[in-house]
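Working notes, beginning with the structure itself.
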Amino acid sequence: MPTRDYQLFVGGEFVDGTASRRFASVNPATGAEVASFVDGTVADLEAAVAAARRAFDAGPWPSMPVAERAQRLGRVLEILGGRVPELSAIEYQDNGATIRQATSFMVPGALGFAMGIADLATKFSFTSGQPVTTGPVPGGPFGSTTISYEPLGVVGAITPWNGPLILAMWKVWPALLAGNTVVLKPSELAPSTAMELARAFAEADIPPGVLNVVTGGGTVGEALVSSDHVDMVTFTGGTATGQRIAQLASGNLKRLTLELGGKSPALVLDDVDIESAVDGVIWSTLFLSGQMCTCASRVLVNARVHDEFVERFAARADKLVVGPTDDFATDLGPVVSAAARDRIEGYVQLGTEEGAVAVLPGGRPSGLENGFYVKPTVFVGATPRMRISREEIFGPVVSILKVADDAEAVQVANDTQFGLAASVWCNDRRRALDVAGRVRAGTVWINDHNMLSPQTPFGGMKMSGSGRENGESGFKAYLEEKVVYLDLTPSKNEHLWALVAP
Ligand code: NAD
């Protein structure tokens, strides 16, 4: 039996909406239902959009100084900050992260990102300050131009299950700090912390309709994306879903930020310190059981160090503790669902059929049959053309590919439809920077991986998405840039008007 029952959060109220059905989130570690949610309808979604619209068009939020918005949102962070252990448990019971990951990264990281985004927003210049005197023709007519930044309106935010609170903060915080109002649609697999966020908004007395949260699946997601009353959609999820969203969002040409999937490479060059590279690449590939969008799932290793790297990597991966999510000794928890486990096992079988060799065979651990556990699989002998080297598996499956030199490493790294992230492992910084410069990915780390910050723009090239989150460009995505031109031409004859009305 689920232990928590949530409603929808619309116009500042918790409501049952019009839905006749509820659904449950399932703890991936045990298979037990943990919380129950309203399976929102299109009518519920429309009510949430209408509430957000009212809060934008007639409410105080868009015209408040940014410092006041930040201060009010700071109260939400204080409330959440007082509940970190409880929220961490809620998070890992929904999405299968480990207690170590949830308590040290997923929940505190979400609050840290929100604080960093608030810091960035309060330092942002919403106008160009002194007007600039401009004119289309040197010595001709001139005027005074002011450039200002205004909120877009209603933002629809759709998030995945793998970082529910942190990825909600990446969207909700900049959108609201910019003066927009938001309808959040969390993943149906892990919606609890989005509803806890709604509770904190209600407690912090944020004006009604500024944040609305509607739970449900793709149907409410599509209604949000298609709505003509929504001015922007910010989406994080799979590439196929992103493609569908791009089609649906075109009705009113709403703004779109898409943060999608990846097949990120880790490039291990031959002058590397193998022991520390092995540790680092384990983190790159297997954090969150390989279910982080940036996780490296292709490891491209220089032929000179390949065999030693493989031996040490497989031995190290084999020692990882796959176990219960509430145990601090656990390194890898389960994958998110039975369907995800089946998909991952299908890819492991496919890899063998394609001719790769599993030096670590994966499989299900014993004693954890109720949960959706899979042990890490390490393939060698994979080629760049194999499907296991090209498709996003989103699980603890790593393909190690042998490359002759840096040029081949870069060529294989770029031989993909994705371009989200990459890492280069190398002792020579100049060489590492050269290789990093040639890899086509939104973020390239050197001797590290998965390092993200509120100050740094994050996003993908190619089919890993469009637009950026975080950093100044991520914040500006939630603003309209507007020009006001004040005519200062002294006499009519000097006007360009003279071209048509001499
Ligand atoms: P998903 O695409 O299945 O679902 C993401 C969200 O979209 C969910 O809320 C879902 O309900 C909603 N949705 C599904 N169909 C929809 C539709 N037709 N219209 C509107 N909304 C719809 O992805 P997922 O399984 O939750 O997450 C895993 C994927 O997310 C992976 O591909 C991963 O790489 C990607 N991801 C990317 C980033 C990034 O920043 N680039 C971060 C995390 C995850």
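We count ligands from 1, going down the list as the structure has it; atoms in each ligand are counted the same way.
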Discussion item. Just to be sure I'm reading this right: ignoring hydrogens, which of G237, A223, G459 gets closest to atom 35 (C) of ligand 1? Compare them by their nearest heavy atoms.
Written reply: G237
Worksheet item: Which of the listed options, I245, L224, N162, holds the heavy atom that is closest to atom 44 (C) of ligand 1?
Response: N162
Discussion item. Would E188 count as being in polar contact with ligand 1, using the rule that some N or O on each side must be under 3.5 angstrom apart?
Written reply: yes
Discussion item. Tell me whether D415 is salt-bridged to K263, with the criterion being a basic N under 4.0 Å from an acidic carboxylate O.
Written reply: no
Worksheet item: Among protein heavy atoms, which sits nearest to atom 12 (C) of ligand 1, and what does the distance come to when rounded to 0.1 Å?
Response: I158 CG2, 3.7 Å
Worksheet item: For ligand 1, is there an N or O atom under 3.5 Å from any N or O atom of L260?
Response: yes
Discussion item. Check this for me - ligand 1, K185, N or O atoms closer than 3.5 angstrom, yes or no?
Written reply: yes
Discussion item. With respect to R244, determine whether any N or O atom, backbone or side chain, lies less than 3.5 Å from an N or O atom of ligand 1.
Written reply: no
Worksheet entry | atom 32 (O) of ligand 1 - nearest protein heavy atom and its distance | E392 OE1, 2.6 Å
Worksheet item: Under a heavy-atom criterion of less than 4.0 Å, does P186 contact ligand 1?
Response: yes
Fill in: Any F235 heavy atom less than 4.0 Å to ligand 1
yes
Practice prompt. Around atom 22 (C) of ligand 1, find the nearest protein heavy atom and jot down its residue, atom name and distance.
Written response: T241 CG2, 3.6 Å
Worksheet item: Hey, is T239 one of the residues with a heavy atom under 4.0 angstrom from ligand 1?
Response: no
Worksheet entry | Closest approach of any protein heavy atom to atom 39 (C) of ligand 1, naming residue and atom | C293 SG, 3.3 Å
